Amino acid sequence: MRYVSTRGSAPVLDFEGATLAGLAADGGLYVPEAWPSLTREEIAALAGLDYVETAVRVMAPFVAGSLSEDELRELCTAAYGRFAHRAVTPLVQLDHDQWLLELFHGPTLAFKDVALQLVGLLFERFLKGATEPLTVIGATSGDTGSAAIDALAGRIGVDIFMLHPHGRVSDVQRRQMTTVLAPNVHNIAIEGDFDTAQALVKAMFRDSAFSTRFKLSAVNSINWARLMAQVVYYFYAAVRLGAPERPIAFSVPTGNFGDVFAGYVAAKMGLPIERLVVATNVNDILHRALSSGDYSSGTVTPTATPSMDIQVSSNFERLLHDLADRDGGAISAQMAGFESTRAMRLTNAQSQGAASLFRSIAIDESGMAAAMAGAHEGAGEVLDPHTAIGYAAAVALKGEAPMVTLATAHPAKFVDAVERAVGVRPALPPRVGDLFEREERYDVLPATFAAVTAYIAERAKPRAR
Ligand SMILES: *Cc1c(COP(=O)(O)O)cnc(C)c1O
């Protein structure tokens with residue numbers, strides 16, 4: 001499979017190249033040159049398969065040319081063997097036709113483990129024998145950071161620098177990052193919000209001298225391999241609920257538009273998805289973009305769902321590109337407009353194309369708390385705040401098809417918000433139980449390009465030395 005940039009002018013790469021590059025050199029994001037598809041029979045045949053085997057069938061076309069099916073199976077077996085639930089991503093019933101897909105049984109209790117456990121192994125595989133170390137940099141609103149650090153800690157040939165907004169991630173989220181003391185792990189608390197941290201990361205990639213010298217790579221959701229790994233659970237869940245005979249709907253609590261874009265890819269591959277509900281919190285840029293074509297970024301309002309507190313959704317560019325007939329020049333111009341004015345309009349083709357699959361809604365704190373209470377009273381399930389946003393949206397925007405809400409984090413990760421809504425303090429699972437006793441290590445830096453690059457330059461191993 002060949003990968004092209006959404007902005008049309010970066011080199012075309014294979015799967016290995018796209019995985020290691022993260023962001024494309026022209027500022028765009030890598031996407032497969034064409035969507036592979038599974039026939040109805042191939043989808044039906046997934047129904048009896050376990051998670052690993054489903055993953056191999058769904059991902060094989062994307063890795064073709066870089067990994068054999070057996071190599072892919074070996075990596076998936078290792079990655080998903082670390083999950084605490086044998087189904088990896090089990091379904092739980094909430095109501096007659098409402099379901100939860102629990103994506104939080106990995107090592108750091110959030111759905112990002114599903115992708116990053118695999119991506120960590122992919123990096124190791126592709127870097128085996130490389131003489132120049134890779135420097136992974138990322139910005140996190142909480143869960144990406146811990147999942148990436150868990151996946152890369154101690155791996156040879158990689159240094160990881162993770163920026164998080166100082167004081168704006170939960171104690172559990174921060175500790176999951178800062179208590180990993182492996183020498184290749186570097187935590188930076190930025191004096192600013194998530195978007196500021198993300199902008200710093202993007203600026204480092206755009207600085208080609210810096211980026212080449214330290215062989216930068218990204219594991220944010222802009223990394224194609226992550227999105228690819230997330231496509232799998234849409235198939236896994238849908239076939240268990242009757243696909244391809246009947247269409248299934250999904251509700252996805254959304255920030256960077258990564259998880260829900262994976263659902264779009266599943267639909268493109270032939271999975272009958274009735275609708276994809278894009279659930280945002282009050283930071284509703286995606287809801288505004290999808291409902292009125294207005295993609296304009298305001299200031300971030302901190303909420304009980306920090307992983308969705310964003311005003312720029314990086315992966316949205318992948319959708320815009322696909323809905324603009326994959327015209328890299330047009331996307332490049334549209335994104336340049338956005339980057340200079342922080343606002344842009346979707347074209348009619350983009351708005352109409354999105355409307356055929358996506359619905360969207362913004363859920364405020366009281367809607368979130370009501371959904372948590374509803375799931376607790378109606379099904380005895382304790383939802384984390386992000387999942388509750390998804391569930392509130394699922395109830396509001398359900399059509400004919402069974403509705404699956406993606407449960408993106410374990411409730412114990414956001415214990416105070418959960419206690420406020422339902423009066424229960426969920427316990428951390430035993431596998432992370434001593435988190436609050438472990439030593440922490442991180443540095444606080446001002447939100448400037450100079451401060452962060454100097455910090456990295458001091459600690460990373462430069463190329464060819
Ligand atoms: C990252 C995250 C989200 C948002 O996912 P995107 O792929 O950025 O849309 C939602 N919920 C939780 C718990 C997360 O960690």
Side-chain angles (χ1 to χ4, degrees), residues 29 100-116 119 138-150 162 164-165 168-170 172-174 176-177 194-195 197-198 218-231 233-234 250-265 276-281 283-287 289-290 300 303-319 358 360 363 368 371-372 383-393 405-415 417-418:
L29 291 84
L100 274 185
L101 181 62
E102 291 186 346
L103 303 176
F104 53 69
H105 293 280
T108 72
L109 312 182
F111 86 93
K112 294 183 172 79
D113 288 326
V114 179
L116 284 166
V119 169
T140 183
S141 52
D143 294 329
T144 295
S146 51
I149 285 170
D150 186 279
M162 188 53 64
H164 70 266
R168 300 201 198 195
V169 301
S170 79
V172 174
Q173 287 178 315
R174 189 193 67 250
Q176 282 184 315
M177 297 190 278
F194 169 72
D195 288 338
Q198 171 115 307
V219 291
N220 273 16
S221 61
I222 52 180
N223 189 296
W224 167 258
R226 275 187 63 179
L227 286 184
M228 171 192 76
Q230 292 170 223
V231 178
Y233 47 70
Y234 286 90
F250 290 89
S251 175
V252 189
T254 311
N256 245 327
F257 204 72
D259 209 5
V260 70
F261 186 75
Y264 174 83
V265 175
L276 284 172
V277 174
V278 175
T280 73
N281 63 24
N283 298 294
D284 63 349
I285 180 169
L286 285 168
H287 172 53
L290 291 167
V300 176
T303 71
T305 47
S307 298
M308 299 159 66
D309 288 348
I310 24 205
Q311 285 285 353
V312 179
S313 280
S314 313
N315 280 294
F316 199 54
E317 180 171 339
R318 287 189 158 108
L319 180 69
F358 295 98
S360 67
I363 303 288
M368 184 267 294
M372 259 197 240
L383 308 184
D384 102 279
H386 304 79
T387 307
I389 295 241
Y391 183 50
T405 298
L406 302 196
T408 50
H410 191 289
K413 260 190 129 156
F414 302 96
V415 70
V418 171

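The analysis underlying the following values was restricted to heavy atoms, covering all of them including side chains, and did not include hydrogens, waters or symmetry mates. In listed order, ligands and their atoms are each counted from 1. Keep in mind that what you see is a predicted model, and the values were worked out from it rather than measured.
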Using atom types as modelled and distance alone, determine if a side-chain donor or acceptor of [X] lies under 3.5 Å from a backbone N or O of [Y].
X      : Y      : result
Asn283 : Gln311 : no
Gln176 : Thr108 : yes
Thr405 : Leu100 : no
Thr305 : Pro385 : no

Legend entry - Protein residue, atom and distance nearest to atom 4 (C) of ligand 1, heavy-atom basis: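 Protein heavy atom with the smallest distance to atom 4 (C) of ligand 1: Gly255 N, 3.6 Å.
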Legend entry - atom 6 (P) of ligand 1 - nearest protein heavy atom and its distance: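 Ranked first by proximity to atom 6 (P) of ligand 1 is Asn256 N, 3.6 Å.
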Checking the N or O distance criterion of under 3.5 Å, is ligand 1 in contact with [X]?
X      : value
Asp259 : yes
His386 : no
Phe414 : no
Ala110 : no
Lys112 : yes
Asp384 : no

Show which atoms of ligand 1 fall inside a sub-4.0 Å distance from at least one heavy-atom site of [X].
X      : result
Gly258 : 6 (P), 7 (O), 9 (O)
Thr254 : 9 (O)
Ala409 : 13 (C)
Thr408 : 10 (C), 11 (N), 12 (C), 13 (C)
Pro253 : 4 (C), 10 (C)

Legend entry - Pair Asn315, Asn256: side-chain N/O donor-acceptor within cut-off below 3.5 Å: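 No - no donor-acceptor pair under 3.5 Å links their side chains.
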Inset, instruction - Could you verify whether a donor N or O on one side chain and an acceptor N or O on the other, from Thr303 and Asn281, lie under 3.5 Å apart? - result: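 Thr303 vs Asn281: donor-acceptor pair found between side chains.
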Between [X] and [Y], is any pair of side-chain heavy atoms under 4.5 Å apart?
X      : Y      : result
Tyr233 : Asp259 : yes
Leu319 : Phe358 : yes
Arg168 : Pro306 : no

Legend entry - ligand 1 versus Phe257: contacting region, heavy-atom distance under 4.0 Å: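 Backbone only.
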